[in-house]
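Inspection log for the structure reproduced underneath, given as structure tokens.
Note that ligands are numbered from 1 as they come in the structure, with each ligand's atoms numbered from 1 the same way.
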Amino acid sequence: MRSSLNKKNLEVKIGGMRLKNPIMTASGTAGYGEELSAFYDISRLGAIVLKGISLKPWQGNPPPRITETPCGMINSIGLQNVGLKTFLKEKLPFVKKKSDVPVIANILGNTTGEYAKLARSLDGEVEGIEINVSCPNVKKGGMAFGLDKKAFGKLVGRVRGDIKKSVMIVKLSPGAQDIAEFALAAQEEGADAVSLINTIPAMAIDINTRRPLIKNVIGGLSGPAIKPIALRMVYQAARAVKIPVIGMGGITTGQDAVEFILAGATAVAVGTATFINPSAPLEVLEGIEAYMSIHGVKGVAELIGGAVTGCS
Ligand SMILES: Cc1cc2nc3c(=O)[nH]c(=O)nc-3n(C[C@H](O)[C@H](O)[C@H](O)COP(=O)(O)O)c2cc1C
């Protein structure tokens, strides 16, 4: 289903980063680009967001760490990753060679200093750096940075000073009571964009064994089950800030993506849908193009934040 629309009309800007279309992968659901490139040309995406990386390799949580739920999945991978050194030496060169679109690294840490070191090492090596603030702050009793306004502001402000060349994106935590407040704080501390939502804490129980289906008991829910919540949060964040918002959470079709864009997202990321259909990001893109053709929309920019208030 390819439309006759000029591709240029799909272009969006995130800080200084020009995306030929608004579709990204969601961190952790597309590896480091290797797996997806076996299915399609990843240069067709607007940008590639890679799996989160820490300074040193992380082992992740013990299995079972994934379970299916109605309209979604729960994961407790525990941010397993190869660490910065291997990332720079092996993973990043591969994805850069395979694609000519912006590459966005996703970083995670347990202290402000760890995030800052990662940011310094990656600055200029990738077009964008997405900061996952949903990790526990070990120096402050383990509360996630994204839930503690003071720690959050300090983290974003500190990392801002270390990112001079790449676009800085702050990935907000959906556990925040007032998401608009955190989006605004990110903007005030100098973020170029915010992205949301990350997974929502959830659990599932096998009634026959009477055991949780996830070894860690609680994991993160993603997929269509969280879409209406994500859409609401994107709407609230987008109304609060002037910087671009990247929306994600259950996006599976072009219609889902258009909803997020109308709610205020400049770009969208496709995550869990990729596990069912690796080509989902491209199908979402084609769905947006089809919508634009049907509704006579000349550019994605026309749609951003275009939802009218009041019910239909
Ligand atoms: C298996 C898995 C791994 C993930 N790993 C990361 C990660 O490393 N860093 C991050 O910021 N978000 C991570 N996420 C969250 C996704 O990027 C995304 O925010 C969330 O899943 C909602 O989008 P979706 O419903 O389209 O999957 C992960 C999600 C899943 C399902």
Minimum-distance protein heavy atom relative to [atom]:
| atom | result |
| --- | --- |
| atom 6 (C) of ligand 1 | Ser27 O, 3.2 Å |
| atom 12 (N) of ligand 1 | Lys171 NZ, 3.0 Å |
| atom 3 (C) of ligand 1 | Gly28 O, 3.5 Å |
| atom 21 (O) of ligand 1 | Ser222 CB, 3.4 Å |
| atom 15 (C) of ligand 1 | Asn198 OD1, 3.3 Å |
| atom 11 (O) of ligand 1 | Asn106 ND2, 2.9 Å |
| atom 2 (C) of ligand 1 | Asn75 ND2, 3.5 Å |

Problem set entry | Short side-chain to backbone donor-acceptor contact, Ser27 and Val49, under 3.5 Å | no
Per-atom contacts, ligand 1 versus [X] - under 4.0 Å to a heavy atom:
| X | answer |
| --- | --- |
| Met248 | 18 (C), 19 (O) |
| Gly250 | 24 (P), 25 (O), 26 (O) |
| Gly52 | 8 (O) |
| Leu79 | 7 (C), 8 (O) |
| Gly249 | 22 (C), 23 (O), 25 (O) |
| Thr272 | 24 (P), 25 (O), 26 (O), 27 (O), 31 (C) |
| Gly271 | 26 (O), 27 (O) |

Exercise. Is there a side-chain contact between Val101 and Lys20, using heavy atoms and a 4.5 Å cut-off?
Worked result: yes
Problem set entry | Non-hydrogen side-chain atoms of Tyr115 and Cys135 separated by less than 4.5 Å |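 With C-beta onward as the side chain, the pair touches.
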Exercise. Would Lys51 and Glu35 count as a salt bridge (Lys or Arg N to Asp or Glu O under 4.0 Å) if you check the C-alpha gap in whole Å, the side-chain angles of each, and the deciding distance to 0.1 Å?
Worked result: CA-CA 12 Å; Lys51 183 173 174 53; Glu35 295 87 346; over 6 Å; no
Exercise. Are Tyr235 and Phe260 close enough that their ring centers fall under 6.0 Å?
Worked result: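 Aromatic pair excluded; centres sit 6.0 Å or further apart.
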For this session: Measure from the ring center of Phe182 to the ring center of Phe152 and say whether it is less than 6.0 Å.
Result: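 Yes, they do, as the ring centres are separated by less than 6.0 Å.
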Polar proximity ligand 1 side, [X] side, N/O cut 3.5 Å exclusive:
| X | value |
| --- | --- |
| Thr29 | no |
| Ile226 | no |
| Asn132 | yes |

Quick one: side chains of residues 219-231, donor-acceptor pairs under 3.5 Å with protein atoms, not counting sequence neighbours, listed by atom name and distance.
residue : atom : partner : partner atom : Å
Ser222  : OG   : Thr272  : OG1          : 2.6
Lys227  : NZ   : Asp256  : OD1          : 3.0
Lys227  : NZ   : Glu259  : OE2          : 2.7

Got a salt bridge between [X] and [Y], using NZ or NE/NH1/NH2 to carboxylate O under 4.0 Å?
| X | Y | result |
| --- | --- | --- |
| Asp162 | Arg120 | yes |
| Arg160 | Asp192 | yes |
| Glu189 | Arg158 | no |

Exercise. Out of Ile77, Thr199, Ile197, Asp256, whose heavy atom is nearest to atom 22 (C) of ligand 1?
Worked result: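 Answer by nearest heavy atom: Ile197.
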Exercise. Is it true that the side chains of Ser54 and Glu114 contain a donor and an acceptor less than 3.5 Å apart?
Worked result: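 Result is no, nothing qualifies.
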